[in-house]
Novice: 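Provided herewith is a single structure, encoded as structure tokens, for subsequent inquiry.
Naming: A, B, ... by sequence-line order, numbering from 1 per chain.
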Number of protein chains: 2
Amino acid sequence: MSPKVSDEHRESKRKEILQAAMRVFIRQGYHAATMKDVVEESGLSRGGVYLYFSSTEEMMLALLEEMDRENENQAEELLRRHRTVGEAIDSLLGHLLEELVHIREGAIPVVFETFAAEWRRQTFGRLLERRYASAVSRFAELLRVGERRGEFRPRLPAETIAKMFVSFNDGLMADAMQFGAEAMDARGQIEAYRLSLRYLLGAAGRAAEA
Amino acid sequence: MSPKVSDEHRESKRKEILQAAMRVFIRQGYHAATMKDVVEESGLSRGGVYLYFSSTEEMMLALLEEMDRENENQAEELLRRHRTVGEAIDSLLGHLLEELVHIREGAIPVVFETFAAEWRRQTFGRLLERRYASAVSRFAELLRVGERRGEFRPRLPAETIAKMFVSFNDGLMADAMQFGAEAMDARGQIEAYRLSLRYLLGAAGRAAEA
DNA sequence: TTGGAAAATGACATTCGTGTCGTTTTATGA
DNA sequence: TCATAAAACGACACGAATGTCATTTTCCAA
């Protein structure tokens, strides 16, 4: 009588497989990736992998959940590290630029591809909506903090500006992954957006005069 | 001796197949679509379809070219129909809103999916770059006309603002197709963007005062 | 050290779309 | 009307990935 290995080992093997899957996804794209590919990349046997996941879709969903969990507390973190909301947003934009430059090496194109192909299906649709609502409300909350502190006097509802932020983010990522950060002038576009945001937020101090 | 049918008939049959393909793509997505699906949708036989196209990829490429050809002269058309560049841009934004509302019924999600999955491959990469360069230069040219006419005094290079326009466009479309125009507040976002654009362009007249 | 239960293996049958190709149909010119 | 060449058809063989499962290996507890 004896479960042969347990908990930690099982969990770490799961992680191992997921990492192999992500490598394959990044290299080939989500839809071009087969169970066969992941099996080979992981170095395990076919049966072994199937013991943990029975499709690339399951793997993708697990990876998405994992990524979501990591991004959870990003907003509070930002506020903790910066004195003003304006600075927090600047930092966010700086981080975004960094992300755009290296976008092809990471998971974002894969996530993009997955959602672009699977939005029709409930499983992914629900996940998408959760992610969107969460991203919007986190950023909107940030804006409201700035509003309460007297940093901003927004010309439009925080919710709308937050949604615009998300849309522009998505657009930048799509274009950066397809044309490269250089060709789409990531730096210039982010600067343009910084100016626009200041204007829309009615940032106190410098900002909105001609 | 006689080629049995010719030119027109052949061309119209080709169109017919492409239309069937597009219906399948819109219904199921590009990657979920198989030659079998298109054959069934078109009502022709397997061999008949293969006489014209030997993969869904060929069909997609043909459809993309067709769409590109249609969008060719859009910019001049706009200028012809509006007295000022500002009005032309407003009209463009209005048209965009309309597009966002009905986005799920049209080809845009399919195009998005295709590029999100295939950007790694040269065939699509080249096409993408052509489309991007063309979109950017068309819009930048529009802005320069406004500048020359004294309508604008841009705070940033026209090229950068044009690229921002394209990115935001792409982001809006991505979000609209995934969450619906309602949930992502298409109208509000476009209004926010209209304000931002006015500000960035330093539009003469109203615009940029607090 | 050994018995046994879970984990891991990989060969195999199955499924599904692909592409081909011999046959049939169709449309013209003679 | 007929001959004929192209167009359209659809059955079939092929290939690739899937998912299973009988067998082997591994690890713990007694």
Novice: Figure out the NE2/P separation between A:His9 and D:dT26, and round it to whole Å.
Specialist: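 To the nearest whole Å, that distance equals 12 Å.
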Novice: Near DNA chain C, under 4.0 Å by heavy atom, which residues of residues 22-47 of chain B?
Specialist: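 Output list: B:Thr34, B:Met35, B:Lys36, B:Arg46.
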Novice: Using whole Å, report how far CD of A:Glu11 lies from P of C:dA7.
Specialist: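 Going from A:Glu11 (CD) to C:dA7 (P), I get 14 Å.
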Novice: What is the separation between atom CZ on A:Phe53 and atom P on D:dT18, rounded to the nearest whole Å?
Specialist: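 Atom CZ in A:Phe53 sits about 15 Å away from atom P in D:dT18.
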Novice: Rounded to the nearest angstrom, tell me the gap between atom CD in B:Glu57 and atom P in C:dG19.
Specialist: 11 Å
Novice: Given atom CD of A:Glu58 and atom P of D:dT18, what is their separation to the nearest angstrom?
Specialist: 13 Å
Novice: Tell me which nucleotide among D:dA7, C:dG19, D:dT18 gets nearest to the side chain of B:Tyr50.
Specialist: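 Shortest atom-to-atom distance from the side chain points to C:dG19.
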Novice: Any ion pair linking A:Glu65 and A:Arg131 (charged N to carboxylate O, less than 4.0 Å)?
Specialist: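 A salt bridge is absent here (no side-chain N lies under 4.0 Å from a carboxylate O).
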Novice: Taking all non-hydrogen atoms of both residues into account, name the closest pair between A:Leu142 and A:Val85 and its distance.
Specialist: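 The pair with the smallest heavy-atom distance is O-CG1, 3.5 Å.
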Novice: For DNA chain D, what residues of residues 116-124 of chain A have any heavy atom nearer than 4.0 Å?
Specialist: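 Heavy-atom cutoff 4.0 Å gives no residues at all.
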Novice: Roughly, in whole Å, what's the span from CD in B:Glu8 to C1' in C:dT28?
Specialist: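 B:Glu8 atom CD is separated from C:dT28 atom C1' by 15 Å.
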Novice: Got more than 12 heavy atoms from elsewhere within 6.0 Å of CD, A:Glu66?
Specialist: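 Counting other residues, nucleotides and ligands, CD of A:Glu66 exceeds 12 neighbours.
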Novice: Rounding to an integer number of Å, can you tell me how far A:Arg10 CZ sits from D:dT26 P?
Specialist: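 Those two atoms, CZ and P, are 18 Å apart.
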Novice: Do B:Arg14 and B:Phe53 meet the cation-pi criteria used here (NZ or CZ under 6.0 Å from the six-membered ring centre, within 45° of the axis)?
Specialist: no
Novice: Can I get a per-line list of side-chain donor-acceptor pairs under 3.5 Å for residues 26-33 of chain A, giving both atom names and the distance, sequence neighbours left out?
Specialist:
unit_1, atom_1, unit_2, atom_2, d
A:Arg27, NH2, A:Glu41, OE1, 2.4
A:His31, ND1, A:Glu113, OE2, 3.2
A:His31, NE2, A:Glu118, OE2, 3.2

Novice: Using the salt bridge (charged side-chain N to carboxylate O under 4.0 Å, His left out) criterion, which residues pair with A:Glu40? Sequence neighbours excluded.
Specialist: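 In terms of salt bridge (charged side-chain N to carboxylate O under 4.0 Å, His left out), with neighbours along the sequence ignored, A:Glu40 is linked to A:Lys36.
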Novice: Using the test side-chain contact (heavy atoms from CB on, under 4.5 Å), find all partners of A:Glu191 that sit at least two apart in sequence or belong to another chain.
Specialist: A:Arg194, A:Leu195
Novice: Distance check needed: D:dG19 P versus A:Tyr52 OH, whole Å only.
Specialist: 19 Å
Novice: Among pairs that include at least one residue of residues 87-142 of chain A, which meet ring-ring contact (aromatic ring centres under 6.0 Å, His included), considering only residues two or more places apart or in two chains?
Specialist: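 Pairs touching residues 87-142 of chain A that pass the test: A:Tyr132-B:Phe179, A:Phe139-A:Phe165.
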Novice: Base, sugar-phosphate, or nothing: which does B:Ser54 touch, judged by heavy atoms less than 4.0 Å apart?
Specialist: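 The residue B:Ser54 makes sugar-phosphate contact but no base contact.
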Novice: Considering only NZ, NE, NH1 and NH2 on the basic side and carboxylate oxygens on the acidic side, decide whether B:Glu77 and B:Arg81 come within less than 4.0 Å.
Specialist: yes
